[in-house]
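Take a look at the structure set out below.
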Amino acid sequence: MEAITAMSGKYNPRTIEEKWQRHWEEKQIFKVTEDGNKKKYYLLEMFPYPSGKIHMGHVRNYTIGDVIARYKSMKGYNVLHPMGWDAFGMPAENAAIEHGIHPEKWTRENIANMKKQLKRMGFSYDWDREVSTCEPEYYRWEQMFFLWMYEKGLAYKKTSSVNWCFKCKTVLANEQVEGGLCWRCGTEVGEKVLDQWFFRITAYVEELLEYCDKLPGWPERVMTMQKNWIGKSYGCEISFPMADSDDVIKVFTTRQDTIFGATFMLIAAEHPLVMELVTGKPIEQEVSAFVDKVKRQDKMVRTSEYYEKEGVFLDSYCLNPVTDQKMPIFAANFVLADYGTGCVMAVPTHDQRDFEFAKKYDLPLIVVIQPKDRPLDPETMPEAYVEEGILVNSGQFNGMENMKALDSIATYFESIGRGKKTIQYRLRDWGISRQRYWGAPIPIINCKKCGTVPVPEADLPVVLPLDVVLTGEGGSPLAKHPSFVETTCPSCGQPATRETDTMDTFVESSWYFDRYCSAHHTEKPGLDKTKVDYWMPVDQYIGGIEHAIMHLLYARFYSKVLRDFGILSVDEPFTNLLTQGMVCKESMRCPTHGYLFPEEVEEEKCVHCQQPVTIGKTEKMSKSLKNVVDPDYLIRKYGADTTRLFCLFASPPEKDLEWSDQGVDGAFRFINRTWRIIMDYRDVIRDVKPFQGDAELPEDLKNLRRKTHQTIKKVTSDIEDRFHFNTAISAVMELVNVLYQIPKPDKENRIDLAVVRETVESIILLLTPIVPHVAEELWKNIGHQNTLSKISWPTYDPAIAAEEEITIVIQINGKLRSRINVPAEEEAEAIKNLAQADEKIVKLVEGKQIVKVVYVPKKLVNIVVKG
RNA sequence: GCCUGGGUGGCGGAAUUGGUAGACGCAAGGGACUUAAAAUCCCUCGGUCCUUGAGGCUGUGCGGGUUCGAUUCCCGCCCCAGGCACCA
């Protein structure tokens with residue numbers, strides 16, 4: 001095989017790639033163990049859901065990770081780079097329902113195929129640490145953690161609602177609700193209240209928030225999103241006395257400055273207080289019908305700005321605690337029961353939703369905030385005034401700026417005993433119950449006598465039974481599996497039933513990175529502390545921006561829980577985070593055949609009917625739009641190195657990547673171009689050592705040498721400081737271009753060839769993390785015996801990289817007018833004088849007054865003139 | 001709707017801390033090589049105007065502002081994307 005390559009001299013990616021992949025695997029190059037003598041580096045990419053095939057999003061994510069892993073390894077770190085499978089989840093169940101394949105079989109086959117694809121990409125994983133979350137060896141520990149959380153009150157049960165399809169008699173995920181209708185049967189979706197399990201993430205809310213400012217390695221925007229998601233607000237809990245009893249209605253508000261303008265009270269329709277207030281009254285029927293109607297509405301829709309605000313009067317009144325005015329109480333569709341107290345004071349003049357509601361039901365308006373520039377008239381105002389202003393009609397607070405009065409008003413409520421300052425969070429506890437089959441069973445037994453009883457640790461794992469039939473109808477499949485459900489109570493020994501809910505798959509992805517550190521540990525607690533302490537925390541985590549909030553917040557929470565169990569020693573799991581953008585492509589659509597795959601289009605015509613196709617806008621690659629590119633096809637046509645190179649070159653990691661077929665050709669061409677010039681030099685530089693010392697060189701070789709050192713500098717900082725592989729690659733492209741420019745030195749000119757050798761070796765080493773297969777092959781071809789994987793990253797000499805002459809731009813009033821070349825170390829005064837003496841500048845400045853001369857070191861001179 | 005980002009040539013992108021806008025690549029055009037084509041190698045390439053020059057003007061979604069100087073900072077607007085608690 002080598003003979004063929006050598007003879008034809010042609011770049012043959014397939015042969016080279018398969019050869020080196022075999023080599024890496026046989027020599028176990030990427031296997032790692034804990035080594036106290038080396039600095040560890042834990043590089044983690046978000047593990048994939050085994051959907052069947054890897055897609056370009058995976059290829060991009062894992063290529064970015066692989067470059068960093070290989071780079072750090074060349075820098076001398078002991079690099080842990082694992083891979084596994086987020087193997088539980090809904091698509092497996094959907095496949096079972098639609099195609100009759102068992103989720104386990106489907107998942108295993110998908111894993112096998114995707115693993116093959118990942119290996120073919122040449123990623124440097126330590127496959128010995130592979131983890132698959134659907135295996136009992138994995139989820140048994142998760143079940144144990146659940147029991148420990150239950151014991152500490154961190155896992156608890158409460159009622160909450162789910163999307164419910166009355167026809168299929170099953171719970172639907174948000175994704176399975178399309179425009180308020182069930183995606184399978186098309187009937188209207190409603191809500192159903194169930195007893196469900198929750199993790200008390202709110203117990204850690206302050207720490208989760210606090211650490212948002214202690215993670216400098218995370219992108220600012222992710223931290224901002226998490227902070228906003230947690231949503232800490234300082235407000236006030238105010239008690240509104242009922243008009244005709246001693247009861248009070250408590251509301252939470254951050255707008256206590258508007259209290260004097262509160263003219264009515266709103267309660268979430270599904271709040272239990274609603275029916276309490278109307279029981280026995282003539283309007284009970286009417287209210288009950290309204291509540292049922294609201295419960296059937298989608299929460300997102302009914303709280304949206306444009307949705308009709310609706311309510312029903314509850315024939316009850318409370319009193320405004322500062323004005324003692326009677327406030328009618330309504331149940332409303334746009335108030336949510338699970339935020340705050342589920343009751344809100346309505347201030348129609350300064351809240352748009354309340355304003356619309358007041359207009360519809362003819363309720364009073366009192367202006368309490370006046371803008372500085374115009375008076376507000378409650379009779380004529382067309383909408384609520386929500387800006388800042390001066391308080392009016394507000395008793396002793398009149399004349400204060402509303403934002404500045406917030407604290408005084410809260411203090412006043414505390415002093416009169418009708419309220420208190422409170423802290424409110426938007427974050428809610430994490431609902432982990434799923435009425436689904438393909439997930440980790442919750443290890444709980446329900447006993448008629450003893451109630452909720454945890455499964456004893458010794459009985460773990462509660463194994464998910466495999467003999468089930470999935471239909472997509474009639475609720476949880478586990479509930480219909482008698483031998484799973486029927487058990488005995490561990491407490492009293494009487495017949496009892498198992499919990500049939502399974503856990504949210506976000507639970508598995510909240511600790512898989514801990515498991516990788518000791519992937520096959522069979523002793524309690526499933527994690528080998530010495531190993532976990534060596535590797536954790538993850539030094540660099542890489543994944544899609546779409547996980548910026550939920551997955552990352554859950555994983556942070558779970559880590560803190562495990563820390564408090566004494567299993568982990570870190571406060572935060574991920575020191576540095578890189579969130580990559582999505583892979584996008586334009587979609588193509590045929591009027592008859594709908595969306596088309598790229599291979600169904602030839603010369604902008606549909607291959608089925610020859611009609612011209614419509615080119616749609618560029619969107620995230622997805623199966624439904626069929627705007628996907630199959631990585632297998634790319635590997636077959638161009639090889640893994642080209643695929644990797646293109647993904648990195650097309651855009652920086654944090655930005656979306658727009659797919660372009662021509663760009664792939666360009667990447668392939670660059671590898672070929674590099675291959676050709678190095679192979680062309682191979683024989684003459686084979687036994688030459690890279691240039692060293694300070695022998696005087698001819699101009700073009702001196703330039704080549706400078707460019708080489710500049711390139712090492714640029715590529716190193718592009719990778720090290722900001723993971724901008726696109727600019728790193730373009731720097732290497734420039735170096736290759738310069739190498740093409742110089743006349744080929746004579747065979748006997750060993751000094752000039754030594755410079756070429758230094759350049760060639762640098763090119764290969766700089767490209768190693770990016771296109772590792774072709775780099776290995778070229779390295780070998782220029783006469784090296786050792787595999788590249790163990791070679792150090794190249795270093796540069798700042799003295800050689802330094803330019804001797806620099807270009808100074810000359811501007812007049814900020815406009816580019818001329819440029820001059822000066823020695824790099826020229827004095828500022830001398831440069832300013834040279835600039836003003838420049839022929840073109842003299843002409844342009846003539847007859848004008850020079851106001852000042854700005855000099856930006858090593859960049860430009862700006863002459864400011866008047867007249 | 002709310003939260004968070006983004007918008008630069010025909011296209012992907014570059015400009016790292018307010019200092020030469022368009023690096024590098026793609027596409028396009030031209031040349032060399034070839035019987036020819038492909039491949040390869042070399043050159044040109046934001047728009048516009050004229051007096052064709054080492055030329056002028058203009059140009060980073062739109063409208064303002066700050067500054068000697070703004071793709072970069074500030075204010076307002078438009079458009080696109082991600083997330084919104086059961087897709088992962």
Side-chain angles (χ1 to χ4, degrees), chain A residues 46-49 51 86 88-91 94 162-163 171-177 196 201 219-222 224-229 231 300-301 303-307 426-436 504-506 509 544-551 553-554 579 581-582 584 617-620 646 649-652 654-667 669-670 672-673 676 717-718 721-722 724 726-727 729-734 737 740-741 807-816 818-819 839-840 851-854 856-857 859-865:
Chain A
M46 290 179 184
F47 65 168
Y49 178 79
S51 56
D86 188 12
F88 273 138
M90 233 176 33
N94 291 335
V162 292
N163 299 314
V171 176
L172 298 176
N174 289 341
E175 188 193 47
Q176 298 173 315
V177 180
Q196 305 207 71
I201 190 171
E220 191 65 40
R221 62 161 157 156
V222 175
T224 311
M225 280 192 258
Q226 292 214 350
K227 279 189 207 169
N228 291 339
W229 184 260
M300 283 282 282
V301 175
T303 54
S304 82
E305 193 182 352
Y306 303 107
Y307 201 75
R426 208 186 72 101
L427 180 72
R428 308 201 296 264
D429 276 339
W430 175 11
I432 58 142
S433 269
R434 296 292 180 273
Q435 294 70 37
R436 294 183 203 293
D504 180 3
T505 57
F506 274 128
S509 56
I545 184 68
E546 66 271 24
H547 294 291
I549 299 177
M550 302 186 63
H551 160 61
L553 194 65
Y554 292 149
T579 46
M582 290 160 311
C584 303
K617 64 178 177 182
T618 302
E619 286 175 271
K620 175 177 171 177
F646 176 72
F649 184 62
S651 84
E654 69 278 7
K655 278 204 182 182
D656 288 350
L657 186 158
E658 191 175 324
W659 192 260
S660 128
D661 290 324
Q662 290 91 350
V664 185
D665 277 327
R669 216 174 298 162
F670 169 66
N672 274 284
R673 191 169 150 83
R676 267 192 311 273
S717 68
D718 278 350
D721 304 342
R722 49 178 206 162
H724 276 207
N726 56 333
T727 51
I729 292 163
S730 71
V732 181
M733 284 174 169
E734 285 183 50
N737 288 346
Y740 265 91
Q741 304 284 316
T807 301
I808 298 289
V809 163
I810 311 173
Q811 299 181 337
I812 294 174
N813 291 345
K815 285 197 176 182
L816 178 71
S818 185
R819 35 167 72 94
E839 202 182 319
K840 274 196 269 177
V851 180
K852 68 171 165 177
V853 178
V854 182
V856 181
K859 290 251 159 69
L860 61 80
V861 175
N862 185 17
I863 302 165
V864 185
V865 299

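Within every chain, numbering begins at 1; the chains are lettered A, B, ... in the order of the sequence lines, protein sequences first and strands thereafter. All values reported here derive from a predicted model rather than from experimental measurement.
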Going 5' to 3' along nucleotides 16-24 of chain B, which nucleotides have protein heavy atoms under 4.0 Å from the base (write B), which only from the sugar-phosphate (write S), and which from neither (write -)?
B--BB--BB
Under 4.0 Å from OP1 or OP2 of [N]: is there any side-chain N or O of [X] that close?
X      : N      : result
A:R434 : B:rA85 : no
A:Y740 : B:rC41 : yes
A:R428 : B:rC86 : no
A:R673 : B:rC41 : yes
A:Q226 : B:rU4  : no

Side chain of [X], backbone of [Y]: donor and acceptor closer than 3.5 Å?
X      : Y      : value
A:R434 : A:D504 : no
A:Q226 : A:A548 : yes
A:Q176 : A:A173 : yes
A:Y554 : A:I549 : no
A:N726 : A:A650 : no
A:N813 : A:V865 : yes

Pairwise [atom1] distance for [N] and [M], with rounding to whole Å:
N      : M      : atom1 : value
B:rU8  : B:rU71 : P     : 14 Å
B:rC3  : B:rG18 : P     : 27 Å
B:rC74 : B:rC26 : P     : 37 Å
B:rC2  : B:rA27 : C1'   : 42 Å
B:rC24 : B:rG46 : P     : 12 Å

Identify each atom pair where a protein N or O and an N or O of nucleotides 57-60 of chain B are less than 3.5 Å apart, giving names and distance.
residue	atom	partner	partner atom	Å
B:rC57	OP1	A:R817	NH2	3.4
B:rU58	OP2	A:K815	NZ	3.1

A:D718 and A:T727 side chains, donor-acceptor separation under 3.5 Å
yes
Please check if any side-chain donor atom of A:R426 sits under 3.5 Å from a side-chain acceptor atom of A:N228, or the reverse.
no
Identify whether any heavy atom of A:G431 sits under 4.0 Å from a base atom; if not, whether one sits that close to sugar-phosphate; answer base, sugar-phosphate or nothing.
sugar-phosphate
Look at all strands and tell whether A:R676 reaches a base, only sugar-phosphate, or nothing, counting heavy atoms closer than 4.0 Å.
sugar-phosphate
Looking at A:Q196 and B:rC86, is any side-chain donor or acceptor paired with a base atom of the opposite kind under 3.5 Å?
yes
Record whether the side chain of A:Q176 comes under 3.5 Å of the base of B:rC87 through a donor-acceptor pair of N or O atoms.
no
Of the nucleotides [options], which one has an atom closest to the side chain of [X]?
X      : options                : answer
A:K840 : B:rG12, B:rA54, B:rC87 : B:rA54
A:H724 : B:rA85, B:rU40, B:rA14 : B:rA14
A:W229 : B:rC86, B:rC84, B:rC68 : B:rC84

A:A667 or A:D429, whichever maps to the more 5' nucleotide of RNA chain B:
A:A667
Which comes earlier along RNA chain B counting from the 5' end, the contact point of A:T505 or that of A:N813, where each point is its nearest nucleotide?
A:N813
Dot-bracket notation for RNA chain B is requested: 5' to 3', Watson-Crick or G-U wobble pairs only, both distances under 3.5 Å, with ( ), [ ], | and . as defined.
(((((((..(((......[....))).(((((.......))))).(((((..).))))..(((((..]....))))))))))))....
Between [X] ([atom1]) and [N] ([atom2]), how many Å, whole number?
X      : N      : atom1 : atom2 : result
A:M582 : B:rG83 : CE    : C1'   : 11 Å
A:N94  : B:rA88 : CG    : C1'   : 12 Å
A:R426 : B:rG1  : CZ    : C1'   : 13 Å
A:R221 : B:rC3  : CZ    : C1'   : 12 Å

Is the glycosidic angle of B:rG9 within 90° of 0, making it syn, or outside that range, making it anti?
syn
